Amino acid sequence: MEKIKGYTIKSTSEEGIYYLVNHWQKHKTFWIEKENLKPEMLFKTVGYAQRSLKRLLEIMEDYRTDKFEVVEVVL
């Protein structure tokens, strides 16, 4: 089985560690735990992941105090 490589944003806060989901509307969630990540939830490039986080922070300021980092994920 071929491994799928993609990117996401890792968010660390008091609530825990979560990963930003690509195609929020389709998956009906913004953040997910690592063990629940699926290949279709990953971003193809670092830039797409960063742009998605920027858009999310424009509408949901609650996350601005979280610590964010871009991560490469292989599933």
Side-chain angles (χ1 to χ4, degrees):
M1 187 169 162
E2 185 178 333
K3 297 282 184 177
I4 304 293
K5 180 175 89 168
Y7 303 91
T8 189
I9 303 290
K10 178 180 173 183
S11 171
T12 305
S13 69
E14 291 179 6
E15 289 82 28
I17 298 174
Y18 294 91
Y19 296 83
L20 186 60
V21 173
N22 192 9
H23 306 295
W24 309 326
Q25 302 85 352
K26 178 181 171 185
H27 298 290
K28 297 180 174 66
T29 187
F30 293 107
W31 301 99
I32 198 162
E33 294 173 324
K34 188 171 186 173
E35 57 269 11
N36 297 322
L37 267 176
K38 298 175 184 170
E40 63 270 14
M41 294 177 172
L42 300 176
F43 297 89
K44 291 183 181 184
T45 69
V46 170
Y48 287 144
Q50 291 172 326
R51 189 172 346 151
S52 186
L53 175 62
K54 181 181 175 187
R55 288 180 182 160
L56 176 63
L57 291 177
E58 288 173 357
I59 61 171
M60 300 186 85
E61 295 184 9
D62 309 8
Y63 296 111
R64 290 188 186 267
T65 58
D66 293 4
K67 179 183 173 214
F68 300 107
E69 62 183 295
V70 176
V71 293
E72 182 179 87
V73 178
V74 179
L75 299 174

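Note that the structure is a prediction, hence the values are computed from the model and not measured. Quick note: residue numbers are just sequence positions, from 1.
Not counting sequence neighbours, N22 has no partner by the side-chain hydrogen bond (donor to acceptor under 3.5 Å, both in side chains) test. For T12, there are no side-chain hydrogen bond (donor to acceptor under 3.5 Å, both in side chains) partners at least two apart in sequence or on another chain. Considering only residues two or more places apart in sequence or on other chains, S52 meets the side-chain hydrogen bond (donor to acceptor under 3.5 Å, both in side chains) condition with none of them. Considering only residues two or more places apart in sequence or on other chains, Q25 meets the side-chain hydrogen bond (donor to acceptor under 3.5 Å, both in side chains) condition with none of them.
Atom CD of E69 and atom CD1 of I17 lie 8.5 Å apart (nearest 0.5 Å). Here K44 contributes atom NZ and K5 contributes atom NZ; the two are 13.5 Å apart, rounded to the nearest 0.5 Å.
Here the closest non-hydrogen pair linking T65 and D62 is OG1-O, 4.0 Å. Between E40 and H27, the shortest heavy-atom contact is CG-CE1, 3.6 Å. Across all their heavy atoms, S13 and D66 have their closest contact at CB-OD1, 3.2 Å. The heavy-atom pair separating N36 from M41 by the smallest distance is O-SD, 4.0 Å.
Under a 4.5 Å side-chain heavy-atom cut-off, the cluster of Ile, Leu, Val, Met, Phe, Trp and Tyr residues that includes I59 is completed by Y7, I9, Y18, L20, W24, F30, W31, F43, V46, Y48, L53, L56, L57, M60, Y63, F68, V70. Residues near I4 contribute nothing to a hydrophobic cluster around it, because no ILVMFWY side-chain heavy atom sits closer than 4.5 Å to its side chain.
At a threshold of 4.5 Å between non-hydrogen side-chain atoms, the residues K10 and K34 do not count as touching.
Heavy-atom contacts from other residues, nucleotides or ligands closer than 6.0 Å to CD of E2 number 12 or fewer.
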